[in-house]
Q: 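Structure incoming, see below.
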Amino acid sequence: KDWISFSHMSADRSIFPFESWLSCEHKALKLSRLELNDDSSRFPQGLYSVRQTIARFLSVARGVNCFPEQIVLGGSTQFLFYILRHLFGENTRYAMENPGYRRMYESLRMERVRLDTIPLDRKGISIDVLKRINPNVVYVTPSHQFPTGVVMPISRRIQLLNWAAETKDRYIIEDDYDSEFKYETDTIPSLQGLDSYGRVIYFGTFSKSLLPGLRLSYMILPQPLLKIYRKRCGFIMSTCNAMGQLTLQQFIDSGEYRKHIRHMKQVYINRQKKLIYALTRRFGSAMTMHGANAGLHFNAEFDTTRSVQEIAMRAKAARLELYNLQPYCLDGTDLFSRPAFILGFANLPIEKIEEGVERLYRSIF
Ligand SMILES: Cc1ncc(COP(=O)(O)O)c(CN[C@H](CF)CCC(=O)O)c1O
């Protein structure tokens with residue numbers, strides 16, 4: 001029998017519009033030979049015309065307000081973070097959500113900076129603990145907290161912005177990953193769009209809404225940090241290839257991107273509904289779900305005597321790709337009282353939902 005995947009890490013190839021991507025690539029090759037060939041293709045921040053397109057798109061889709069000059073394109077979110085880190089002083093103190101994005105946590109640890117983790121409550125990062133720890137820079141994922149899926153309400157966003165504005169050298173890194181997919185709540189404006197003190201550094205990526213392999217991520221620097229960036233990092237050449245940038249630009253400017261997002265949302269809302277229905281019918285009250293009102297995954301905790309390790313082993317034996325939440329509990333804390341798993345549906349065809357839920361059930365009970 002073939003594998004069934006609850007992975008949160010992949011996008012669904014079957015609905016990616018390869019044909020229109022290909023025609024955008026042809027157009028880019030035909031129209032942008034100049035950009036591809038001369039020095040501008042290696043500019044540290046990425047091609048200007050591509051940054052204009054992204055800035056325009058973000059202002060409509062996320063209420064982000066920025067000039068193209070503030071955007072820095074990069075080959076991965078982590079790489080951009082390494083750059084950002086060098087804009088701050090040596091003894092800057094960092095903090096991030098826990099459970100949280102382990103790759104960011106490891107990136108920070110590798111830089112040997114002062115790093116604290118901050119627990120979540122049902123509105124997202126805990127403001128009380130944030131005030132007690134009092135870092136300079138805090139990393140949050142407000143659109144769809146990674147990995148718990150909490151959507152940070154507007155009230156908590158305002159509290160966070162007020163905290164940052166209280167004193168100088170305080171910044172918020174807003175990782176707006178997964179923000180394209182909102183289901184119940186309509187799109188809440190980004191922190192960056194609400195920020196009137198220039199304290200939010202906005203991170204975005206095309207890994208979820210397009211293809212992880214495109215390796216095109218970006219950060220938006222507030223003016224004061226942009227000046228420091230140009231002084232300290234202006235010599236670092238761009239790390240994302242111009243061909244990918246120019247194809248993306250065609251894809252967005254032609255309206256194909258907006259069409260693709262709309263189509264993905266319909267497909268995913270439908271899949272998520274069917275998956276939740278099948279899970280609820282099979283597990284009933286033995287399962288508690290969290291974070292299902294946005295994004296391409298949610299979490300579920302199960303009332304079972306089996307250990308996470310045992311369940312993971314059985315799932316593998318049943319050819320079920322399943323990730324549990326322990327790796328995202330940073331600082332070695334185990335924040336889940338019962339076995340908790342990420343249930344991603346970006347790569348779970350409708351016709352495999354029943355069988356997938358059945359394999360999950362047999363792995364857990
Ligand atoms: C919170 C968060 N912010 C950004 C990215 C995007 O990074 P990049 O492709 O380099 O732009 C991810 C990517 N998440 C991966 C797939 F979902 C890996 C998940 C895992 O590490 O478990 C992410 O979780």
Side-chain angles (χ1 to χ4, degrees), residues 5-13 16 46 50 54 58 62 71-85 94-110 117-118 120 124-125 138-152 172-181 190-192 200-220 238-241 244-245 248 264 268 291 294-299 308 312 321-330 335-336 340-348:
S5 168
F6 278 134
S7 166
H8 62 300
M9 299 205 206
S10 45
D12 188 332
R13 307 289 165 281
F16 184 78
V50 178
I54 292 174
L58 286 176
R62 298 296 297 120
I71 297 180
V72 179
L73 299 181
S76 78
T77 293
Q78 288 143 290
F79 171 76
L80 288 168
F81 185 74
Y82 285 128
I83 297 287
L84 177 68
R85 151 105 169 81
Y94 296 81
M96 67 178 285
E97 304 160 326
N98 186 20
Y101 184 31
R102 173 162 290 279
R103 290 179 211 278
M104 187 55 86
Y105 176 75
E106 298 302 342
S107 301
L108 272 158
R109 294 244 315 234
M110 225 164 120
T117 58
I118 297 182
L120 305 166
I125 194 164
V138 62
Y139 167 85
V140 291
T141 48
S143 280
H144 182 241
Q145 201 277 334
F146 189 85
T148 64
V150 172
V151 176
M152 188 185 286
I172 299 167
I173 298 175
E174 171 180 26
D175 183 353
D176 206 27
Y177 165 73
D178 224 4
S179 64
E180 294 82 4
F181 308 104
S190 60
L191 281 172
Q192 198 276 355
V200 175
I201 299 122
Y202 181 91
F203 271 70
T205 181
F206 292 98
S207 293
K208 287 315 262 187
S209 54
L210 284 175
L211 290 170
L214 180 62
R215 304 320 298 137
L216 199 49
S217 317
Y218 53 92
M219 69 176 167
I220 300 178
S238 169
T239 55
C240 33
N241 80 52
Q245 290 180 54
L248 174 72
M264 279 177 88
Y268 288 139
L296 302 183
H297 73 272
F298 53 88
N299 303 331
V308 169
E321 189 182 5
L322 179 70
Y323 294 97
N324 70 75
L325 279 163
Q326 266 174 357
Y328 303 101
C329 296
L330 314 171
L335 301 164
F336 296 91
F341 297 90
I342 295 184
L343 298 178
F345 45 89
N347 219 357
L348 177 66

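Start at 1 and go down the list; that is how both ligands and their atoms are numbered. Heavy atoms only: backbone and side chains are in, while hydrogens, waters and symmetry mates are out. Nothing here was measured: the structure is a model prediction, and the numbers come from that model. In this chain, numbering begins with 1 at the start of the sequence shown.
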Q: Under 4.0 Å, heavy atoms only, figure out whether ligand 1 is touched by the backbone of M9, its side chain, both or neither.
A: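 The answer is both.
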Q: Determine whether the aromatic ring centres of residues Y218 and F206 are separated by less than 6.0 angstrom.
A: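 Between F206 and Y218, the centre distance is under 6.0 Å.
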Q: Do the ring centers of H297 and F146 come within less than 6.0 Å of each other?
A: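 Judged by ring-centre distance (under 6.0 Å), H297 and F146 do meet the cut-off.
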Q: Considering non-hydrogen atoms only, spot the tightest contact between Q245 and L73 and give its length.
A: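 Shortest heavy-atom separation between Q245 and L73 comes out as OE1-CD1, 3.3 Å.
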Q: Grab the two heavy atoms, one from R102 and one from Y328, that are nearest each other, plus how far apart they are.
A: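 Result for this residue pair: N-CD2, 4.3 Å.
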Q: With heavy atoms of Y328 as the reference, note each atom of ligand 1 found under 4.0 Å away.
A: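 Matching atoms, with element in brackets: 20 (C), 22 (O).
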Q: Is the distance between the ring centroids of F6 and F341 under 6.0 Å?
A: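 Ring centroids of F6 and F341 are no less than 6.0 Å from each other.
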Q: Can you check which of F79, Y218, F146 brings a heavy atom nearest to atom 19 (C) of ligand 1?
A: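 Minimum heavy-atom distance to atom 19 (C) of ligand 1 goes to F146.
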Q: Could a heavy atom of R215 be found less than 4.0 Å from some atom of ligand 1?
A: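 It does, in that a heavy atom of R215 comes within the 4.0 Å cut-off of ligand 1.
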Q: Which bit of T77 gets closer than 4.0 Å to ligand 1, counting heavy atoms only: side chain, backbone, both or neither?
A: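 It is both parts that get close, each with some atom under 4.0 Å.
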Q: List every atom of ligand 1 that sits less than 4.0 Å from any heavy atom of H8, numbering the atoms from 1 in the order shown and giving each element.
A: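 Those qualifying, in numeric order: 17 (F), 19 (C), 20 (C), 22 (O).
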Q: Using heavy atoms and a 4.0 Å limit, tell me yes or no: is K208 in contact with ligand 1?
A: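 Under 4.0 Å: yes for K208.
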Q: Roughly how far, to the nearest 0.5 Å, is CG of L80 from CZ of F203?
A: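 It is 5.5 Å, given to the nearest 0.5 Å.
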Q: Under 4.0 Å from a heavy atom of T205: which atoms of ligand 1 are those, numbered in the order shown and with their elements?
A: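 Result: 6 (C), 8 (P), 9 (O), 11 (O).
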Q: In ligand 1, which numbered atoms sit nearer than 4.0 Å to a non-hydrogen atom of S207?
A: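 The list of qualifying atoms is 8 (P), 9 (O), 11 (O).
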Q: Which of the numbered atoms in ligand 1 are below 4.0 angstrom from a heavy atom of S76?
A: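 That gives atoms 10 (O) of ligand 1.
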Q: Tell me: protein heavy atom nearest atom 14 (N) of ligand 1, and distance?
A: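 Among all protein heavy atoms, the one nearest atom 14 (N) of ligand 1 is Y177 OH, 3.6 Å.
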Q: Would you say that more than 12 heavy atoms from the other residues, nucleotides or ligands in this model lie under 6.0 Å from the CZ of R109, or not?
A: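 Count not over threshold, so no.
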Q: Give the numbers and elements of all ligand 1 atoms closer than 4.0 Å to a heavy atom of Y139.
A: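 With Y139 as reference, the close atoms of ligand 1 come out as 1 (C).
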Q: Nearest heavy-atom pair of L216 and C240: which atoms, and what distance?
A: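 In terms of heavy atoms, the two residues are closest at CD1-SG, 3.4 Å.
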Q: Under 4.0 Å from a heavy atom of S217: which atoms of ligand 1 are those, numbered in the order shown and with their elements?
A: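 So the answer, numbered in order with elements, is 8 (P), 11 (O).
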